[in-house]
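Scope of the values below: all heavy atoms of this structure, side chains included, with no hydrogens, waters or symmetry mates. Positions are given from 1 along the sequence. Atoms within a ligand are numbered from 1 in the order they appear, just like the ligands themselves.
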Amino acid sequence: MQNVMEETISGAIVRSYFKKLEANLAVDVAIVGAGPSGLVAARDLALAGLKVAMFESKLAPGGGTWGGGMLMNEVVVQNDAAEILHEFGITTVPVDDTYQTVDSVEMASGLIFGARKAGATIFNAVKVEDIVIHDGVVCGVVINWNPVARLEMHVDPIVVTTRALIDGTGHPSEIINKAVNKAGVKIDSPTGGILGEKPMWMEDGERTTVENTKRLYPGLYASGMAANNVQGGFRMGPIFGGMFKSGRKIAQIILKDLGK
Ligand code: 48F
């Protein structure tokens, strides 16, 4: 008996996936971590015509957006940041003159959908385990299936080359950690290294997340909580305006650096 349908389905998935992977082996911007800052940056950069690949180690992109505050699935944004969400078609509800609430499931799914529809390619369940630095310029990410990494299987990774790399990995700033502690580079911070996140102070953390968003080394950028962790900023909890504005800011910096 012939398994015609089974062959068609498997063949379609394999061909389609590997076409997508091959098309993204050399990109303009690689973003590590599909959290809120990375997703906003991905959409802006893709809308500007750049080839953008996002690598997210978890099965579900979205980072810390899904769970709201303590699993109550609502988050808060400031009015000016709500405008960024409206560009994605996400609904916000006014609280007072300054703040709006957002259903965190609508926010997470809307950000992912918006980045993807703008043209960014999202590779989920793929972990960035290292970076490539040639002649003082960061120019690639070293990737593997996250289950391979989790099971500590001794399997060599592959490389995606990039003109710009954003660390959007949130609190651990994993990629900057590789640059500083493995490659031994000095980044643009007060010490040349990673200062580490301070405890909760919402107002200050929201402000510094945007201020701390910048190029840290040739080819290497940070957004969101990763940027704030590197420069020793305060954490801020379930308010997200700083994350969206950070994503927008890093996209603008990269567009300028890449001559767009
Ligand atoms: O932490 P995360 O949501 O990034 P963010 O844009 O936003 C921070 C807020 O969610 C929240 C906050 C707001 O008050 O403070 O924490 O800074 O998302 C980071 C994503 O990166 C993925 C991780 O699974 C998460 O989805 N990630 C981390 N390391 C890697 C990675 C890696 N090595 N390779 C691929 N993905």
Would you mind checking which non-hydrogen protein atom is closest to [atom], with the distance to 0.1 Å?
| atom | answer |
| --- | --- |
| atom 24 (O) of ligand 1 | Glu56 OE2, 2.6 Å |
| atom 17 (O) of ligand 1 | Met225 N, 2.8 Å |
| atom 1 (O) of ligand 1 | Gly170 CA, 3.5 Å |
| atom 9 (C) of ligand 1 | Phe240 CE2, 3.8 Å |
| atom 28 (C) of ligand 1 | Thr169 CB, 3.6 Å |
| atom 8 (C) of ligand 1 | Met243 SD, 3.7 Å |
| atom 34 (N) of ligand 1 | Val128 N, 3.0 Å |
| atom 14 (O) of ligand 1 | Gly237 O, 2.2 Å |

Can you sort out which atoms of ligand 1 are near [X], meaning under 4.0 Å from one of its heavy atoms?
| X | result |
| --- | --- |
| Met236 | 13 (C), 14 (O), 15 (O) |
| Val126 | 35 (C) |
| Gly224 | 17 (O) |
| His171 | 15 (O), 16 (O) |
| Val32 | 32 (C), 34 (N), 35 (C) |

Would you say [X] and ligand 1 have an N/O pair spaced under 3.5 Å apart?
| X | answer |
| --- | --- |
| Glu174 | yes |
| Ala34 | no |
| Ser57 | yes |
| Pro238 | no |

Compute whether any side-chain donor of one residue and acceptor of the other, for Asn228 and Thr209, lie under 3.5 angstrom apart. yes
Going by heavy-atom distance to atom 4 (O) of ligand 1, choose the closest among Gly33, Gly63, Gly168.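 Of the listed residues, Gly168 has the closest heavy atom.
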Ignoring hydrogens, just give me the one of Ala60, Gly64, Ala108, Ser37 whose non-hydrogen atom is nearest atom 5 (P) of ligand 1.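 Looking at heavy atoms only, the winner is Ser37.
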Within the structure provided, determine whether Ile166 and Val29 are in side-chain contact (heavy-atom separation under 4.5 Å). yes
Would you say Ile131 and Leu165 make side-chain contact, with heavy atoms under 4.5 Å?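 Yes, side chains in contact.
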Any carboxylate oxygen within less than 4.0 angstrom of a Lys/Arg side-chain nitrogen, looking at [X] and [Y]?
| X | Y | answer |
| --- | --- | --- |
| Arg215 | Asp188 | no |
| Arg207 | Glu211 | yes |
| Arg163 | Asp28 | yes |

Looking at every heavy atom in both [X] and [Y], which two are closest together, and how far apart are they?
| X | Y | result |
| --- | --- | --- |
| Thr213 | Gly224 | OG1-N, 4.4 Å |
| Met236 | Gly205 | CE-O, 3.6 Å |
| Thr162 | Ala30 | OG1-N, 3.1 Å |

When the ring planes of Phe123 and Phe55 are compared, do they come out parallel, tilted or perpendicular, using 30° and 60° as the limits?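 Because their plane-to-plane angle is under 30°, the rings of Phe123 and Phe55 count as parallel.
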Is it true that a side-chain atom of Glu106 and a backbone atom of Thr91 form a donor plus acceptor pair closer than 3.5 Å?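 Side chain of Glu106 to backbone of Thr91, a donor-acceptor pair under 3.5 Å: yes, one is there.
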From Thr92, Asn79, Ile239, residue fulfilling side-chain contact (heavy atoms from CB on, under 4.5 Å) relative to Tyr99: Ile239
Is it the side chain, the backbone, both or neither of Ile175 that has a heavy atom closer than 4.0 Å to ligand 1?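 Answer for Ile175: neither.
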